[in-house]
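Counting starts at 1 for both ligands and their atoms, in listed order.
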Amino acid sequence: AKKRGRNRYYWFEPQMEDELRFRNELEAGIRQGIPAGEFVPYYEQQIDLATGKLSGFEMLARWESPRYGTVSPEIFIPIAEEIELIGEMSEMLIRQALEDAKDWDPSLTLSVNISPIQLRDPWFAQKLLHLLVESGFPPTRMEIEITERCLHENMGAVRSIVTSLKNQGIHISLDDFGTGHSSLSQLQSLPFDRLKIDRSFVSELAGEGDGKALVEAIVSLGKGLSLPVTAEGVENSEVLNQLQGMGDMTGQGYLYGKPENAAATRRRLAAINML
Ligand code: C2E
Ligand code: CA
Ligand code: CA
Ligand code: CA
């Protein structure tokens, strides 16, 4: 290998090796971290923009790694999917989240993100319903968020999972709407209860970009289909004012605070008498 392409060897290969080593290190850390309880739920507030009232929380996973500190799900979810531990990880996170959410005011909902990989598991619906029964948390207060990626998977299987969850009263949201390649007919192919507008469009409301037209289009689509809409990534009051001008919707984002762990969420709820 030394003789062949000096440049390639010295410039390219060592870096690749480092990346591979780091990737394997993360993978080992994830494998150990799951049984060690290092994956924990954080919560982001969801606000009714018309009234300013808290309507629920979205659970967002964090890896509290003794080695790397608090790690973003953008790093570890793709690896957990690849090594097929996403189901196990998600189950542990949802179990903890339901335990936390049991103490919340009964008006509050809990949303969780579900990977397309999990929807390939024929037992997914049973597993989720089991967690709900185990915790005593009402299925009608639970929402699962699936992305457009799921609509390209085996639609028959996805539809049967979604149908059995909906029969139990669980709500289904279409997450990151507008970022994928779903057509309007695919949007009608599953009985969604909510559209979530991706932050990349919402954040453009503050500037001069095309974001505003897109957000307006999605909001009117939601009205046409009688689907409530959530705007994610509401970072400032300018964006908030624009959204409020478009109609009733739910919003979430740093304007209301960053996602917080269970203890901070409890304190927040106690302070507003919702615990
Ligand atoms: P998402 O579902 O689109 O979640 C919203 C992401 O935007 C979160 O990042 C949140 O912290 C961030 N965010 C919220 N408000 C703002 C804002 O005002 N400004 C900015 N700049 N960012 C904001 P996070 O927590 O890093 O999660 C990233 C993605 O990881 C999520 O995107 C979701 O797709 C995925 N994810 C998180 N937890 C889980 C999980 O338990 N299971 C699965 N399958 N995916 C998860
Ligand atoms: Ca989400
Ligand atoms: Ca989202
Ligand atoms: Ca998003």
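- In I77, the part holding a heavy atom less than 4.0 Å from any atom of ligand 1 is the side chain.
- Contacts between S115 and ligand 1 below 4.0 angstrom, taking non-hydrogen atoms only, involve backbone and side chain alike.
- Atoms of ligand 1 lying under 4.0 Å from any heavy atom of D175, numbered from 1 in the order shown and given with element: 2 (O).
- Ranked by closest heavy atom to atom 13 (N) of ligand 1, the top entry among Y42, Y254, F76 is Y254.
- D175 contributes OD2 as its N, O or S atom closest to the Ca ion (ligand 2).
- Ligand 1 has a nitrogen or oxygen under 3.5 angstrom from a nitrogen or oxygen of R62.
- Not a single heavy atom of E81 sits closer than 4.0 Å to an atom of ligand 1.
- Neither the backbone nor the side chain of K196 comes within 4.0 Å of ligand 1, counting heavy atoms alone.
- Per residue D198, closest N, O or S atom to the Ca ion (ligand 4): atom name OD1.
- In the model, T250 has no side-chain atom that pairs as donor or acceptor with a side-chain atom of Q46 under 3.5 Å.
- Within the model, atoms CD1 of I86 and CD1 of I117 stand 8.5 Å from one another, a figure rounded to the nearest 0.5 Å.
- Ligand 1 has E58 within reach: a non-hydrogen atom of the residue lies less than 4.0 Å from it.
- The closest approach between any non-hydrogen atom of E232 and ligand 1 is below 4.0 Å.
- Not one N or O of L93 is nearer than 3.5 Å to an N or O of ligand 1, by distance alone.
- One finds an angle of 90° at the Ca ion (ligand 2) between OE1 on E145 and OE2 on E58, to the nearest 10 degrees.
- Hydrophobic cluster membership differs between I47 and Y42, with clusters built from Ile, Leu, Val, Met, Phe, Trp and Tyr side chains linked at under 4.5 angstrom.
- Looking at E64 and N261, their side chains never bring a donor and an acceptor atom within 3.5 Å of each other.
- Neither the backbone nor the side chain of D198 has any atom closer than 4.0 Å to an atom of ligand 1 (non-hydrogen atoms only).
- Of the candidates R199, M59, E74, it is R199 that places a heavy atom closest to atom 12 (C) of ligand 1.
- Those atoms of ligand 1 with a heavy atom of D176 less than 4.0 angstrom away are 3 (O).
- Short contacts between ligand 1 and A61, defined as distances under 4.0 Å to a heavy atom of the residue, involve ligand atoms 37 (C), 38 (N), 41 (O).
- Distances below 4.0 Å separate heavy atoms of E235 from the following atoms of ligand 1: 17 (C), 18 (O), 19 (N), 20 (C), 21 (N).
- Under the 4.0 angstrom criterion for non-hydrogen atoms, S90 is not in contact with ligand 1.
- Taking CG of N236 as the reference point, atom CG of L240 lies at 8.5 Å (rounded to 0.5 Å).
- In this model, no donor atom of one side chain and acceptor atom of the other lie less than 3.5 Å apart for S189 and R159.
- Centred on the Ca ion (ligand 4), the angle running from D176 (OD1) to E232 (OE2) is recorded as 100°, rounding to 10°.
- With hydrogens and angles left out, the side-chain atoms of E44 and Q252 include a donor and acceptor closer than 3.5 Å.
- Inspection of the Y43 and D100 side chains reveals an N or O donor paired with an N or O acceptor under 3.5 Å.
- Looking at D198 and S200, their side chains do bring a donor and an acceptor atom within 3.5 Å of each other.
- Under the 3.5 Å distance criterion, with hydrogens and angles disregarded, a donor-acceptor pair is assigned to the side chains of Q118 and S90.
- The nearest N, O or S atom of N113 is closer to the Ca ion (ligand 2) than 3.0 Å.
- The hydrophobic cluster containing V40 does not contain W63, counting ILVMFWY residues as joined when their side-chain heavy atoms lie under 4.5 angstrom apart, directly or transitively.
- The OG1 atom of T179 sits 6.5 Å away from the CZ atom of F201 when rounded to the nearest 0.5 Å.
- Side-chain contact between S111 and M142 is absent, with no heavy atoms from C-beta onward closer than 4.5 Å.
- Close contacts of ligand 1 with E44, meaning ligand atoms under 4.0 Å from a residue heavy atom, involve 10 (C), 11 (O), 13 (N), 14 (C), 15 (N).
- Contacts between T147 and ligand 1, counted as non-hydrogen atom pairs separated by less than 4.0 Å, are absent for every part of the residue.
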Legend entry - R67 and E25: CA distance, side-chain angles, deciding distance, salt bridge (Lys or Arg N to Asp or Glu O under 4.0 Å) verdict: CA-CA 11 Å; R67 176 145 191 203; E25 216 175 84; 3.4 Å; yes
